Amino acid sequence: MAVHPPRAEAVVDLDALRHNVTLLAGRAAASGAATMAVVKADGYGHGAVQVARAALQAGATWLGSCSLAEALVLRDAGITAPILSWLEAADRDYAPGIAAGVDLTASSVRELGAILDAGHPRVHLKIDTGLSRNGCPADEWPDLVETAAKAQADGRAEVVAIWSHLACADEPGHPSVDAQARRFQQAYDIATDAGLDPKRHLANSAGTLNRPDLHFDLVRVGIAMYGLNPLPGKEDLRPVLTFRSSVALTKRIARGESVSYGQIWTAPRDTTVALVPVGYADGVPRLLSGRMDVWLAGRRRPVVGRVCMDQIVVDCGDDDVPVGAEVVLFGAGDRGAPTATEWADTIGTIDYEIVTGMYRPRVTRTYRGAR
Ligand SMILES: *Cc1c(COP(=O)(O)O)cnc(C)c1O
């Protein structure tokens with residue numbers, strides 16, 4: 001048992017995660033859809049196995065991972081729920097995935113061929129409806145569908161679903177969403193004409209929250225499950241991750257003394273500063289230098305000077321801040337502490353990148369609410 005607080009700690013609140021999954025799975029169920037919990041990138045930095053278990057407890061029935069390697073981590077942990085994986089380097093050996101009962105994605109005839117060569121797969125065919133990224137272009141789709149239908153008729157594969165991904169679901173009313181939905185319908189018609197009877201899935205978190213007409217058989221939720229709302233407006237979502245540390249050292253510095261590299265901040269008065277032993281190597285973006293607060297001893301306080309690799313300095317004025325006091329860098333925001341979304345907005349990125357960036361060996365992960 002550690003008797004000292006971790007230097008840098010990511011606290012994952014699985015009760016909050018289950019709350020979010022219950023909300024999202026409820027929305028999906030209202031339109032007859034099942035819910036896939038997307039746990040790629042080690043569960044957006046929260047820990048894929050723990051997130052997967054909690055999501056399944058709360059009503060998700062599918063799991064989604066980017067790579068087959070990520071899917072196999074879930075299987076190795078004893079998780080038996082259906083898992084879809086969707087992106088590999090060319091010519092991967094799919095046999096371990098098929099043996100482990102992982103559903104695979106084919107975006108081209110070539111990819112489907114490699115999958116069929118590896119065994120008797122459960123396969124989802126991905127149509128590109130407008131992202132121009134992963135997914136089969138419309139002109140190659142009839143070929144892909146014919147090849148898959150033939151493999152299924154020959155008993156060499158099970159075609160589970162066709163699917164696609166939305167580009168702008170987080171911008172309500174964006175015309176691309178309807179355009180993608182129309183292309184998705186055309187792809188489905190071609191698949192059924194070829195004799196397939198696939199399930200359909202299209203919606204990410206934003207689509208799940210604001211386009212119930214696009215839920216189809218299954219929704220794939222990521223960011224909203226982690227409690228971060230991809231849409232403008234309010235939803236009853238609870239941020240799952242809290243990033244915290246503690247005060248390692250305090251000192252008085254005189255008016256006119258500067259703090260940290262480059263001396264970009266100089267004390268305008270005598271003040272107490274608190275040293276917090278986390279930095280950009282722990283996921284605090286250096287771009288937040290001079291632009292962030294932490295929650296410390298009952299209130300928000302500014303971080304002054306540059307964010308360093310291993311440390312930041314907090315201006316505490318004349319307050320008596322004890323060494324060892326908890327410092328919340330970001331969290332649920334309910335007590336007034338900063339959030340991952342606030343960090344993202346400050347430096348011009350998205351909260352997805354902030355929380356996923358917490359996947360680092362130097363940050364200790366702890367779980368609350370594990371069952
Ligand atoms: C990441 C991902 C999702 C989840 O997206 P969110 O916006 O986090 O809900 C869904 N589908 C695919 C294919 C993805 O890559």
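Whatever order the structure lists ligands and atoms in, that order sets their numbers, starting from 1. This is a predicted model, so every value here is computed, not measured.
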query = In terms of residue, atom name and distance, what is the protein heavy atom nearest to atom 11 (N) of ligand 1?
reply = Arg220 NE, 2.8 Å
request  = Examine the side chains of Gln180 and Thr129 and answer whether a donor and an acceptor come within less than 3.5 Å of each other.
outcome  = yes
ask   = Per the salt bridge (charged side-chain N to carboxylate O under 4.0 Å, His left out) rule, which among Arg122, Arg75, Lys126, Lys199 passes with Asp103?
value = Arg122
inquiry  = Quick check on contacts: which atoms of ligand 1 are under 4.0 angstrom from a heavy atom of Tyr44?
reply    = 1 (C), 4 (C), 5 (O), 6 (P), 8 (O)
inquiry  = Between ligand 1 and Gly222, is the shortest N or O to N or O distance under 3.5 Å?
reply    = yes
ask   = With a cut-off of 4.0 Å, which atoms of ligand 1 are near a heavy atom of Lys40?
value = 1 (C), 2 (C), 3 (C), 14 (C), 15 (O)
key: Residue Ile223 vicinity, atoms of ligand 1 by number, heavy atom under 4.0 Å   = 6 (P), 8 (O), 9 (O)
message = Quick check on Tyr352 - does any of its heavy atoms sit under 4.0 Å from an atom of ligand 1?
response = yes
ask   = Considering only the protein, which heavy-atom contact is closest to atom 12 (C) of ligand 1, and what is its distance?
value = His165 CE1, 3.4 Å
inquiry  = Can you classify the ring geometry of Trp163 versus His201 as parallel (below 30°), tilted (30 to 60°) or perpendicular (above 60°)?
reply    = parallel
query = Looking only at heavy atoms, which two atoms of Asp170 and Pro230 are closest? And how far apart?
reply = CB-O, 3.4 Å
message = Give me the residue, atom name and distance of the protein heavy atom closest to atom 13 (C) of ligand 1.
response = Trp163 CZ3, 3.4 Å
inquiry  = Salt bridge check, Arg362 against Asp310: does any charged N sit closer than 4.0 Å to a carboxylate O?
reply    = yes
Close N or O approach (Ser205, ligand 1; < 3.5 Å) = yes
Lys150 bridged to Asp154 by N-O distance under 4.0 Å = yes
task = Please find out if less than 6.0 Å separates the ring center of Tyr44 from that of Tyr359.
result = no
ask   = Got an N/O contact under 3.5 Å between Ala224 and ligand 1?
value = no
